[in-house]
Amino acid sequence: MNTLPSFNSESSELPKWQQPEKMAGRVVLLGLAGAAVYYWGVILPFLVDMVFDTVKLGIGLGTLFVLFLLATNKRIHAGLWYAGQRILRTAAGIFVNTDPIGIMEDYIRNTEKEARKMDAEVTNIEGAHELVKRKLAANTAQMQEYLSLASAATRQNEKDMAESYAMRAAQLEEYNQRLMPMATTTANVTVVMRQILKAALRQIDGSKFKVNLLKDEYTLVKRTSSGMRAAMNILRGDPDKKYFFDLATDRVAQDMAQQLGQIKQAMRYSQEFVKEMDIQNGVMSEKGQRLLEKYQKGDFNAVLNEKPQQPQTLNATKKASDDAYSSLLD
């Protein structure tokens with residue numbers, strides 16, 4: 001038998017200088033390597049800039065994606081709204097008491113502070129009144145002494161001394177006349193302020209009782225309201241969560257409808273396929289039954305319309321094989 005020539009073995013036996021494609025490839029690689037080494041100072045900054053620009057591009061795309069979510073996602077909108085409310089409420093609570101019970105307690109504390117200041121002022125006024133009374137008593141005693149000295153000087157015919165003592169007594173009398181209204185005023189103011197202070201203390205006590213009662217009632221109402229709110233959330237549902245629940249329900253319904261449509265379509269296709277296969281199987285079964293009957297009768301070759309092939313000799317087989325290989329080489 002003829003054999004095909006081996007072209008690979010012939011090409012591998014050629015010397016390297018007769019293989020131009022390998023030499024050209026090596027020359028090109030060496031040229032690229034030399035150019036890379038020569039222009040490395042230009043290539044490196046370009047690569048660095050490309051890497052940093054790629055990183056900046058990624059950061060920019062990420063920022064745009066976050067902004068897109070902030071602009072389109074309703075859940076993020078609701079979260080930002082609640083977070084903003086909480087932050088503003090906390091910031092306001094740092095400077096201003098927003099609790100109604102706390103506001104009333106602050107008012108009571110301020111009123112008690114003012115009452116303590118008023119008590120101190122009343123004490124100071126009472127002290128001033130006592131000072132005025134003592135000053136009046138001292139002036140009266142001193143005036144009586146001057147009058148006694150003036151009387152003694154008159155009996156001894158010392159007119160100058162008598163007039164001097166008498167003038168001093170007159171000055172003390174005028175002094176006392178000027179202090180008497182002040183003593184009366186301080187006494188009246190002390191009485192009035194004491195009455196006001198007593199009324200304020202009674203009002204503070206009543207406010208404390210009222211605030212404590214309201215505090216207990218408010219605590220009970222809040223707890224009851226919290227429980228009822230939980231019950232209403234179960235019965236009515238949270239609006240935001242119910243919105244997303246409705247969206248999810250619609251999405252599931254759409255998916256189920258689509259999948260049911262695909263199942264029905266697949267069932268129709270399978271029914272048509274099964275019908276077709278049943279028909280083909282029936283036809284083939286009838287045809288096979290007829291062939292079997294003919295085979296049993298002994299006329300199977302007549303059914304095929306073919307004659308039985310005669311066995312070939314060894315020489316004929318070899319000749320046919322040589323002809324086939326010769327045709328491949330032509």
Side-chain angles (χ1 to χ4, degrees), residues 86-225:
R86 180 63 59 86
I87 291 171
L88 292 176
R89 188 174 299 171
T90 304
I94 295 174
F95 303 100
V96 180
N97 192 356
T98 57
D99 184 16
I101 300 297
I103 292 173
M104 290 187 287
E105 290 177 347
D106 289 339
Y107 173 75
I108 292 174
R109 283 193 292 268
N110 292 330
T111 306
E112 288 180 341
K113 185 178 179 180
E114 294 296 328
R116 288 192 293 269
K117 288 182 179 180
M118 186 176 179
D119 189 18
E121 294 296 331
V122 171
T123 303
N124 292 331
I125 295 173
E126 289 179 346
H129 179 69
E130 290 295 328
L131 290 176
V132 170
K133 287 171 62 177
R134 291 182 180 181
K135 191 66 175 177
L136 289 172
N139 289 338
T140 302
Q142 187 68 38
M143 182 178 62
Q144 290 177 357
E145 183 178 357
Y146 284 152
L147 290 175
S148 298
L149 292 173
S151 177
T154 301
R155 286 195 300 267
Q156 295 177 3
N157 293 323
E158 293 181 1
K159 294 182 179 181
D160 295 333
M161 294 294 294
E163 290 178 359
S164 176
Y165 288 130
M167 184 177 62
R168 292 179 182 178
Q171 290 176 351
L172 290 175
E173 184 181 6
E174 185 179 0
Y175 195 105
N176 286 342
Q177 289 177 357
R178 297 287 298 272
L179 285 180
M180 285 298 296
M182 295 298 299
T184 305
T185 301
T186 53
N188 294 332
V189 169
T190 301
V191 172
V192 172
M193 291 186 70
R194 283 295 179 189
Q195 292 177 354
I196 294 173
L197 183 60
K198 289 179 181 179
L201 292 176
R202 284 195 297 269
Q203 184 179 1
I204 290 171
D205 291 335
S207 299
K208 283 183 178 181
F209 175 78
K210 184 178 179 180
V211 169
N212 290 329
L213 179 60
L214 288 174
K215 186 177 181 180
D216 294 336
E217 291 178 350
Y218 187 61
T219 303
L220 293 174
V221 169
K222 281 201 302 183
R223 292 180 180 178
T224 306
S225 176

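A quick note: this is a predicted structure, and the numbers were derived from the prediction, not measured.
The existence of a salt bridge linking R194 and D119 is confirmed by a sub-4.0 Å separation between a basic side-chain nitrogen and an acidic carboxylate oxygen.
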Check against side chain to side chain contact (heavy atoms under 4.5 Å, CB included), K208 and E112: CA-CA 11 Å; K208 283 183 178 181; E112 288 180 341; 2.3 Å; yes
Checking side chain to side chain contact (heavy atoms under 4.5 Å, CB included) for the pair M143/R168: CA distance, chi angles, key distance, verdict? CA-CA 7 Å; M143 182 178 62; R168 292 179 182 178; over 6 Å; no
Run T154 and K159 through side chain to side chain contact (heavy atoms under 4.5 Å, CB included) and show every step you take. CA-CA 6 Å; T154 301; K159 294 182 179 181; over 6 Å; no
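Of the candidates T186, V191, V192, T185, V189 forms a side chain to side chain contact (heavy atoms under 4.5 Å, CB included) with just one, namely T185.
Looking at N139, its side chain does come within 3.5 Å of a backbone N or O of K135 through a donor-acceptor pair. Under the 3.5 Å distance criterion, the side-chain polar atoms of H129 are matched with a main-chain donor or acceptor of A183. S164 places no side-chain N or O within 3.5 Å of a backbone atom of D160 that could act as its donor or acceptor partner. Checking side-chain atoms of S151 against main-chain N and O of L147 turns up no donor-acceptor pair under 3.5 Å.
Note: N188 CG to I125 CD1 = 11.5 Å, rounded to the nearest 0.5 Å. Here the CZ atom belonging to R109 is positioned 4.5 Å from the CG atom belonging to D106, to the nearest 0.5 angstrom. In this structure, N124 CG and E126 CD are separated by 9.5 Å, a value rounded to the nearest 0.5 Å. In this structure, the separation between OG1 on T140 and CG on N176 is 4.5 Å, given to the nearest 0.5 Å. With rounding to the nearest 0.5 Å, the separation of CG in L201 from CD1 in I196 is 12.0 Å.
For the pair M167 and E163, the minimum side-chain heavy-atom distance is 4.5 Å or more. The shortest side-chain heavy-atom distance between M118 and E121 does not fall under the 4.5 Å cut-off. Counting only heavy atoms from C-beta outward, the side chains of M193 and L197 never approach each other to under 4.5 Å. Side chains of T111 and Y107 form a contact here, defined as non-hydrogen atoms less than 4.5 Å apart.
The closest side-chain donor-acceptor pair between Q171 and Y175, if any, does not fall under 3.5 angstrom.
Minimum heavy-atom separation, A162 to A153: N-CB, 3.6 Å. Closest non-hydrogen pair, L179 versus V132, comes out as O-CG1, 3.8 Å. Scanning all heavy atoms of the two residues, the minimum distance from A150 to A166 falls at CB-N, 3.9 Å.
The environment of E158 atom CD is dense: over 12 non-hydrogen atoms of other residues, nucleotides or ligands sit within 6.0 angstrom. More than 12 heavy atoms of other shown residues, nucleotides or ligands fall within 6.0 angstrom of atom CD in E130.
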